[in-house]
Amino acid sequence: MTTIYGISNCDTVRKARKWLEAEAIAFDFHDFRKQGLSAEQVARWCAAAGLDKVLNKRGTTWRQLPDEVKATTDEAALQALLVEQPTLIKRPVLELDDGRIEIGFKADQYAALFVR
C-alpha cells in the first residue's frame, strides 16, 4: 500500500492527497505530528533520498533551532532530531509499496511514479 507521510494542515500535503484521490490511487495517510515516526523510517528516507532532501531548512521549525544545532553536520544527530521534531521533514513523503520514496509534491513527478 502506498503511504503518504506529512501533517494534515500542510497545504502541500493536502495537494498531494487530492491528486492521489483524483487519480483513484489508494493510499494511507500517516500524520507524523500525531502518530510519530521511527528512527528506521527516517534512516530509510535519508538513505533513499539523502538527508539534504529530507531535512527542511526553509521552515519555521528549523529557523527556531539554536545556532549550534543548525551548525551540526553529524548525520546521526540530525536524523535523531528529525524523529524528535518531525515537522523538520520536507513534506509530503510518499512511500510506494515497491519501496520507492518521493519527497515533496509536484503533479508531474507523481504522474511519472504511477504510470499505468
Exercise for review: I would like to know whether Phe29 and Val13 meet side-chain contact (heavy atoms from CB on, under 4.5 Å); could you show each step before the answer?
Suggested key: CA-CA 10 Å; Phe29 174 65; Val13 171; 3.6 Å; yes
Review point. Would a hydrophobic clustering, with Ile, Leu, Val, Met, Phe, Trp and Tyr connected at side-chain separations under 4.5 Å, put Leu82 with Ile103?
Key: yes
Check your understanding: Between the main-chain N or O of Ser38 and the side-chain N or O of Gln41, is there a donor-acceptor pair closer than 3.5 Å?
Key -> yes
**Study point:** Set of residues satisfying salt bridge (Lys or Arg N to Asp or Glu O under 4.0 Å) with respect to Arg14, sequence neighbours excluded
**Key:** Asp11
Check your understanding: How would you list, by chain and number, every residue that makes a side-chain contact (heavy atoms from CB on, under 4.5 Å) with Asp28, sequence neighbours excluded?
Key -> Met1, Thr3
Review point. For the residue pair Ser8 and Lys34, what are the closest heavy atoms and their distance?
Key: OG-NZ, 4.1 Å
Check your understanding: Do Trp45 and Leu51 come close enough that some side-chain heavy atom pair is under 4.5 Å?
Key -> no
Point to revise | Leu65-Ile7 co-clustered via ILVMFWY side chain contacts under 4.5 Å | key: yes
**Study point:** Carboxylate-amine/guanidinium proximity below 4.0 Å for Asp31 and Arg33
**Key:** no
**Study point:** side chain to side chain contact (heavy atoms under 4.5 Å, CB included), paired with Val42, selected from Val83, Leu55, Leu78, Val93
**Key:** Val83
Review point. Taking atom types as modelled and ignoring hydrogens, do the side chains of Glu23 and Tyr110 form a donor-acceptor contact shorter than 3.5 angstrom?
Key: no
Check your understanding: Could you walk me through whether Val54 and Lys90 pass the side-chain contact (heavy atoms from CB on, under 4.5 Å) check?
Key -> CA-CA 5 Å; Val54 176; Lys90 201 172 290 181; over 6 Å; no
Review point. Roughly how far, to the nearest 0.5 Å, is the CH2 atom of Trp62 from the CD atom of Gln85?
Key: 10.5 Å
Practice item. To the nearest 0.5 angstrom, please state how far the OG1 atom of Thr2 sits from the CG atom of Leu113. Key: 9.0 Å
Review point. Salt bridge (charged side-chain N to carboxylate O under 4.0 Å, His left out) between Glu95 and Arg44: does it pass, once the steps are laid out?
Key: CA-CA 10 Å; Glu95 194 170 297; Arg44 188 172 63 247; 3.0 Å; yes
**Study point:** Partners passing side-chain contact (heavy atoms from CB on, under 4.5 Å) against Lys15 (at least two apart in sequence or in another chain)
**Key:** Phe105
Exercise for review: Treating Ile, Leu, Val, Met, Phe, Trp and Tyr as nodes and any side-chain heavy-atom pair under 4.5 angstrom as an edge, say whether Phe32 and Leu81 lie in one connected cluster.
Suggested key: yes
Review point. For Ile25 and Trp19, what are the C-alpha separation, side-chain angles and deciding distance, and is it a side-chain contact (heavy atoms from CB on, under 4.5 Å)?
Key: CA-CA 9 Å; Ile25 296 169; Trp19 187 92; 3.7 Å; yes
Exercise for review: Kindly give the heavy-atom pair with the smallest separation between His30 and Gly36, and that separation in Å.
Suggested key: NE2-O, 2.7 Å
Review point. Are Leu96 and Leu94 side-chain neighbours, meaning at least one heavy-atom pair lies under 4.5 Å?
Key: yes
Check your understanding: With no hydrogens and no angle check, is any side-chain donor or acceptor of Arg63 less than 3.5 Å from a backbone partner on Arg58?
Key -> yes
Exercise for review: Would you name the heavy atoms of Arg91 and Gly6 that are closest together and state the gap between them?
Suggested key: CD-CA, 4.2 Å
Review point. Any chain of hydrophobic side-chain contacts (each under 4.5 Å) joining Leu88 to Ile101?
Key: yes
Check your understanding: For Lys106 and Asp108, what are the C-alpha separation, side-chain angles and deciding distance, and is it a salt bridge (charged side-chain N to carboxylate O under 4.0 Å, His left out)?
Key -> CA-CA 6 Å; Lys106 290 192 177 156; Asp108 57 340; over 6 Å; no
